[in-house]
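The model shown is predicted, which means the values in this text are computed figures rather than measured ones. In what follows, chains carry the letters A, B, and so on, assigned in the order in which the sequence lines appear, proteins first and then strands, with residues in each chain numbered from 1.
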Amino acid sequence: MSADAASHATVFGLDPLWLSTAILILSYAAIMTERVNRAIVALLGAGVVILSGVLDQDRAIAGIDFNTIALLTGMMLLVAISKRSGMFQYVAVWSAKAARGSPWAMLALLSLVTALASALLDNVTTVLLMAPVTLVITEQLKVPPYPFLFTEIFASNIGGTATLIGDPPNIIIGSATGLTFNDFLVNLAPVVLLILAIQIAINHLIWGRKMKVDRAARARVMGFKPAEAINDRPLLWKSLCVLALVILGFILAHPLHLEPGSIALLGAALLLLLENLGRSAEDQSHSVHRTFGEVEWITIFFFIGLFVIVAGVEHAGLLSLLADALIRLTGGDLTVTTLAILWASAILSAIIDNIPFVATMIPVIKNMASGFGGPEGLLPLWWSLSLGACLGGNGTLIGASANLTVAGIGERAGVPFRFVPFLLLAFPMMLMSILVSTVYVYLRYL
Amino acid sequence: MTVKTFMTSPPLSLRPEDTVGVAAQQLIENRFVNLPVAEKGGRYVGLFGVFDLLALVLPKAALEARADLDLGFLKDDIKAVEERLEESRSLRIGDHLNTTAPVLYPESGTLEAILALHRARNTLAVVRKKDNQLVGMVSYWDALRALMSQR
C-alpha cells in the first residue's frame, strides 16, 4: 500500500496517520520521562504499531535496519572481548606517563586518546574504561578530577562524530543512505579535528593553566608501570589484529560490496574463535555466554522497536508531510535547510535522545530528495544531521549516554556532576562547536 | 533445626554513628569478618566488615565493577595507604555500610541459611521479620559447628 493509500485507510476507525503519530509522540514522551526503560517503551510502541494494523508483521520487520543492529552488536562483542586484555587501561596510564605528570598535557592527551577510541569504538564503552583510570591517576596527582572527566565527555562525543561507527546516529545515517566509512572519515574528520583542537585550547584556558602538582605527585605518576595494566598479552595481540582487520574491512567495504554490519559481526566471530581456540566445549560455552552477556541488549532492542515505530509513521505518510512542511518553511533553499537541520539537530539532541530523533529525521530528509536534485543533493543535509546530532549531545548532562556514564562513575567516586553547572559550561561550548561546523558546512558544501 | 538454634544472640553490634576506628578495633579484637550495624532502637541497617574497611584505602574508582580495573600499574606506596587509612579513622561507618547482604530470620531453615552464607561468603545478620530488629548473627563457623554437633 502506498503512503497515500495508507493515509486514507482506517484502522479501528482511526486514520493511520493520526494513530501512528500518536504512537510516535507517546513513545517519545515516555522515553524522555525515563520512568519506563526505553527498550520497553520502544518494543511496546512497535507492538502497538503492529497490533493496530498500521503495519503488518512483514512490513514491520522490513522496517528494522538489520545492518545497524549487526554493526552495533558486532562492535559491542569486539569491545567486550578486547577490553579484557587491559589495553584501554594501558593507553590511559601510558598517556599520563607520557605527559610527565603535567596536568595540562595529561588533559590534552587523555582528550586525544578518548576521541580516537570513541571514533573507533562506542562512546559509552570508551568513557566507561577511561574514566575510572583517570580518577585513579588524578587522585595520585592530587588534582581535581572534574576537568578531566568533563573533557573526556566532550572528547568522546566529538571523536564519535568522525566515523561511521563512532556514534549511533552515524551508524543509522550510514546504513540508511549507503554512505561509507570513508565518506564519513573524509567529510567529518577534518572538522572534528578542528573542533577537538579548539576544545582542548578552551580547556587549557579554563582549567589547564591553573592546575599545579608538587614534585612528589609528579614522581608518583612517573613511577606508573603501564605494562602492568596488560592482563592478557596473547588476547591483546589477537584483539589488536582483529580490530585492525575490521577497520580495514570498513575502509574496503564499498569495493568488497559488504555492509559494515557484516564486517563487524564477522570480526566479532573471528575474535570469539581466536579467544576460545583450544578450550574445552564447556569452557567455550561459559566464555561465549559471558561475552554475549556484555552486549547492551537494552540498546539493541530499543533500536528494533524504534525502527518499527518510525516505519509506521513513514508508511502512514507523516514523514513526507513533515518533509514538505520543512521545505516550505525554508523556501526550498538548500543553504537554509542545511543550516536549519544542523542547528535544530544540535539543540534538540542536547535535550532529547538523539537516536530516535535521527531515526525519524532520516526518512524526512530522504523525502526531500526531489526538491534538491536527487540523493546527491542531500549530502550537505546528511553531514549537518550527523554533526548536529552527535555534537549536540555535549550540550547537557542528559544529551548523550556517555555523559551520564561519566557522571555516574564520578558521583560514585565522590565527584559530583550537577545538571546546571554542567549546562552553564557545556552548552556554550557545544554551541561553539556547532558554529565551527556551520562555517565548515557552508564553505565546503554550500 | 532453625537458625534460632545456632545463631549468636545477642550479637556484638555496631551503631551507624560509630567511627571506622572503633569498628576496626572491634573487628580486629574479636577476629570477625563482619559486624551487624543497628540503630539505637535495635533496627538492623547493614553490615560493616573487613572488606568495607579495606575498600576505604582503595581509590573509589577502583571499586567501579564495570571498569574491571586493577591497580598493578601503581607504584606500591605503603606510606600513602597508611595515610589514607588514618584519614578514614574518623569517618562514620553509617556512610560505608554493606546494605545489600541478605539477612536471615530466626525461623529460617538450616539449608536456607547455609545457601545464604554460601552465596554471600559472609557472616550474616539475623533479624525479626516483622520489625527488622537485630536479634542475632550467624557465621559459617556457627553453621558448621551446629551441623557437626548433630552427628
State which residues pass side-chain hydrogen bond (donor to acceptor under 3.5 Å, both in side chains) with [X]; sequence neighbours excluded, sorted by chain then number.
| X | result |
| --- | --- |
| B:Asn132 | none |
| B:Arg31 | none |
| B:Gln25 | B:Glu29 |

Only pairs under 3.5 Å, no angle test: what donor-acceptor pairs are there between chain B and chain A?
from: B:Glu64; atom 1: OE1; to: A:Arg412; atom 2: NE; distance (Å): 3.0
from: B:Glu64; atom 1: OE1; to: A:Arg412; atom 2: NH2; distance (Å): 3.0
from: B:Glu64; atom 1: OE2; to: A:Arg412; atom 2: NH2; distance (Å): 3.2
from: B:Asp70; atom 1: O; to: A:Gln89; atom 2: NE2; distance (Å): 2.5
from: B:Phe73; atom 1: O; to: A:Lys225; atom 2: N; distance (Å): 2.8
from: B:Arg84; atom 1: NH1; to: A:Glu139; atom 2: OE2; distance (Å): 2.1
from: B:Arg84; atom 1: NH2; to: A:Glu139; atom 2: OE2; distance (Å): 3.4

>> So which atom in B:Ala61 and which in A:Ala413 form the shortest heavy-atom distance, rounded to 0.1 Å?
In response: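 In terms of heavy atoms, the two residues are closest at N-CB, 4.2 Å.
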>> Looking at B:Phe51, I'd like to know if its CZ atom is crowded, meaning that more than 12 non-hydrogen atoms belonging to other residues, nucleotides or ligands lie closer than 6.0 Å.
In response: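 No.
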>> Could you check whether atom CD1 of A:Ile298 has more than 12 heavy atoms from other residues, nucleotides or ligands sitting under 6.0 Å from it?
In response: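 Not buried by this count: 12 neighbours or fewer within 6.0 Å.
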> Out of curiosity, B:Leu71 CG to A:Phe224 CZ, how far, rounded to the nearest 0.5 Å?
Replying inline: 10.0 Å
> Picking from A:Leu129, A:Ile137, A:Val133, which has the most non-hydrogen pairs under 4.5 angstrom with chain B?
Replying inline: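 Option with the top pair count is A:Val133.
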